[in-house]
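Every chain is numbered from 1 and lettered A, B, ... according to where its sequence line falls, protein lines coming before strand lines.
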Amino acid sequence: MRVRELPLSSSVVDHFADRGVRELYPPQRAAVEAGVCGGADVVAAVPTASGKTFVAQLALLTADGPGLYVCPLRALAREKYETFAALPGVDVGISTGDFDATGEELAGNDVVVATSEKVDSAIRNGASWVDELACVVVDEVHLLGAKRRGPTLEVTLATLRRRNPDLQTVALSATVDNPDAIADWLDAALVESDWRPVELRTGVAVGGDVAFDDGTSLSVDVASGGETDPDGDDGGGADRGGDTDAEVDTDTRGGTDAEDDEPDATEVTAALVADAVADGGQCLAFVRSRREAVDLAERLADEGLAETLGIEDAADAAADEATDVDGTLTGRQLADCLRAGVAFHHAGLRSGHRSVVESAFRDRDVACICATPTLAAGVNVPARRVVVRDQRRYGEAGMEWIPTLEVHQMCGRAGRPGLDPHGEAVLVADADTRAAVRERYVEGEPEAVESQLADPGALRTHVLAAIATGFAATETEILDVFEGTFYARETGAGGLADAVAVAVDDLVAAGMVARETGGVEDYRLVATAVGETTSKQYVRPETGERIVAGLRAAAGLSDATTLTAFEVICDTPDMQDTYLGNAERADIYRFARTNSAHLTTDMTEPDDFEGWLESVKTARILDEWIGGATVEELVERYRIGPGDLDSRVERAEWLLSAAEALGETIGVRVPAVSRARSRL
DNA sequence: TGCATGCGTCTTTAGACAGCATGTC
DNA sequence: CTAAAGACGCATGCA
């Protein structure tokens, strides 16, 4: 099937032809056959980079009215905005938290690109444009299963569809175990495919030997340990290295092939990266933590990868760009790495640094990025080879296997269409974990997507929203709103009844919702003024409650300062917490005691003392920030990443504005809040 | 006495969405 | 319920 056979204008056909898009990929053809161009609801569960964006464009271009493209990341929204804006004759708008665009402007667009939270917020604030949509495309729908953000996505989609029954819904998902459940939910046709434009082979490396799933294999020379041992890996190594007591305890290996001096995973990773780069390919290496990403990059900087690729000048230029961002330790480390043709990437980086790394990699000015999972689901950075060094990560239950879906997304970054003959994903393991790794990630299916709507916190938030927007005034009507939800389709809306009742009780107790008796046995649920502001400001009910209490307490303080304002908003579930190390604890405790006259919390009282101390730490950082401290100072003093500082400042702005709005609705004015906000 | 080495213990650990009105160059 | 790597600190050992 060819692009020009599709119901598209000739200028659009030309636009695609200019980019070499003339023929449809098989999954795209399947989507067309399922009716994406004819207004049909379609769920496409296909691998990354198999042309999902084109499917989205087809739906949006052929829809009979304005379209909405929903995606999970602001960076992704910007990326899509640009590709849509390049289409001839299409007016595109973008709406994310960090990008200003008023509702008025959005109403005039053919396509609006937005994050799911922003759409939710627009609905809560009564934006008119959401009712005029003819088509909604949801990217990465499998995020439905995400703990905190999943419920927002499903409630938003359900609300959009409920208010506009003619809305065409197109959902794009990574390969998951139950795409049929998602399709069932949306009454949509399912397009399922594992086709990729570039072949992907996945293998497990033990030592320097990689066995791929297509039967091929690869051997690389691993500089074992750190010492001299340059002779290859050709069997027969007489074991010397010190005391040899290894033979006795292990009975599992009868053969001679298991070596006792297994090279460590980092060396294997370095060898795999060097091998790919020597062949002219770029690499991504995924590791477990931020520090290990930096360490690995610094280790790879010794490999001379920039010289291998012949990109020294461009690498220098990228390094200079990184230096221009700030004078942070992180920035200097990054610049040094970039000069050697490598980089690291994690959420502790400021956005400036991140984009330097991403664009340098796309321009082939960096040979390898060492990354935490940020890069797995983020913007488009395909590489020839992906090395997943760590498959386990510290989590709630100690060391946990990383979900298969996530590892598949990392692996899916391998293979640049038109540039690489094929993509290679290599999972680094050892003799003990080889079988488990292969079973779980090479042969294993990704997890099923499960609704998280039953989570009490999520339910409280969305119950409040349903009441505050006036969509529901009784528990029955609330259940009606949730009826169109993934959870309801999977479990039955009745399963929510008890939980909704609890949520309503909680909200009443919190002063967000009131029961207005209307008849003998009937009452109506209405949002209080505070509840309404809370919902419109898009903060969680618990946050609204804490802020209201904090404002009242602050008003009673004889000397409320900006620190007071920061303490209130930081002691809120909408502010991310800041790690409080043992060494700092005493210092922060002392700080809290010295400043107790400016704090709204009685130090002897809080039940979560540790959590509160963390809030005080965050508040202190923010207060020093508005006091003129530099990023460099704060980063060093409080051991947080430069990017972490930025994101806390950003959240503080948002929460302070919510605090101001709440103060206005309860008639409590705390000048310190406004002062803090304007100084941010 | 000074420095290197080794061993036990302590510390730390991924990511990232959201509001809004008004003024200014 | 299942960790692992690096930093740190102390003791020992050797020149």
Side-chain angles (χ1 to χ4, degrees), chain A residues 70-77 95-103 114-125 127 140 143 146-153 156 242 264-266 286-296 345-349 351 354 371-378 389-403 406 409-410 433 436 461 465 533-540 543-544 569 572-576 579-585 639-641 643-644 646-648 650-662 664 677-678:
Chain A
V70 181
C71 67
L73 265 39
R74 300 192 295 209
L76 234 38
S95 180
T96 63
D98 61 341
F99 238 93
D100 270 24
T102 57
T115 55
S116 40
E117 284 78 9
K118 191 69 184 191
V119 178
D120 188 22
S121 164
I123 292 172
R124 291 190 201 181
N125 285 285
E140 318 278 1
L143 255 66
K147 252 268 156 305
R148 225 179 48 267
R149 305 185 59 196
T152 305
L153 183 55
T156 301
D264 77 1
T266 297
F286 287 100
V287 296
R288 155 175 41 209
S289 70
R290 295 175 179 187
R291 198 179 59 194
E292 284 171 289
V294 177
D295 288 350
L296 179 59
H345 191 284
H346 57 68
L349 295 188
S351 65
R354 283 200 229 184
T372 57
T374 1
L375 224 50
R389 195 196 68 182
D390 304 324
Q391 296 93 36
R392 278 178 293 184
R393 183 170 59 207
Y394 180 82
E396 290 168 357
M399 224 51 178
E400 300 165 338
W401 289 102
I402 295 175
E406 203 177 306
Q409 286 198 302
M410 297 175 191
T433 57
T461 298
T533 306
T534 298
S535 180
K536 286 195 169 168
Q537 292 291 316
Y538 211 79
V539 296
R540 291 157 62 163
T543 297
I569 61 157
T572 267
D574 276 309
M575 175 59 83
Q576 67 203 130
Y579 184 82
L580 183 60
N582 276 335
E584 296 167 293
R585 181 169 290 108
R639 294 184 301 164
I640 59 173
D644 298 315
D646 288 345
S647 71
R648 276 164 184 78
E650 196 182 319
R651 282 200 202 202
E653 278 176 64
W654 162 49
L655 290 169
L656 283 174
S657 74
E660 257 187 334
L662 283 165
E664 207 167 301
R677 195 183 151 197
S678 64

For nucleotides 3-10 of chain C, list the nitrogen or oxygen atoms of the protein found under 3.5 Å from its nitrogen or oxygen atoms, one pair per line.
unit_1, atom_1, unit_2, atom_2, d
dG6(C), O4', R291(A), NH2, 3.3

Does anything in residues 650-662 of chain A come within less than 4.0 Å of DNA chain B? Heavy atoms only, and list the residues if so.
R651(A), E653(A), W654(A), S657(A)
Those residues at least two apart in sequence (or on a different chain) that pass side chain to side chain contact (heavy atoms under 4.5 Å, CB included) with D646(A) are R350(A)
Mind checking side chain to side chain contact (heavy atoms under 4.5 Å, CB included) for A75(A) and listing every partner two or more places apart, or none if nothing turns up?
V379(A)
Sequence neighbours left out, what passes salt bridge (Lys or Arg N to Asp or Glu O under 4.0 Å) with R290(A)? Give chain and number order.
D644(A)
Side chain to side chain contact (heavy atoms under 4.5 Å, CB included) against E653(A), all qualifying residues, sequence neighbours excluded:
V649(A), L680(A)
Provide the full list of salt bridge (Lys or Arg N to Asp or Glu O under 4.0 Å) pairs with a residue in residues 392-403 of chain A, sequence neighbours left out, each pair given once.
R393(A)-E406(A)
Qualifying residues under salt bridge (Lys or Arg N to Asp or Glu O under 4.0 Å), relative to R540(A), sequence neighbours excluded:
E542(A)
Among residues at least two apart in sequence or on other chains, which ones pass side chain to side chain contact (heavy atoms under 4.5 Å, CB included) with A658(A)?
Q537(A), V539(A)
Give me, pair by pair, the N or O atoms of the protein and of nucleotides 9-11 of chain B that are less than 3.5 Å apart, along with how far apart they are.
unit_1, atom_1, unit_2, atom_2, d
dT11(B), OP2, N582(A), ND2, 3.1

Test salt bridge (Lys or Arg N to Asp or Glu O under 4.0 Å) applied to D295(A) - qualifying residues, sequence neighbours left out
none
Pair pattern of DNA chain C in dot-bracket, where unpaired bases get dots and | marks partners in another strand, Watson-Crick or G-U under 3.5 angstrom:
..|||||||||||||
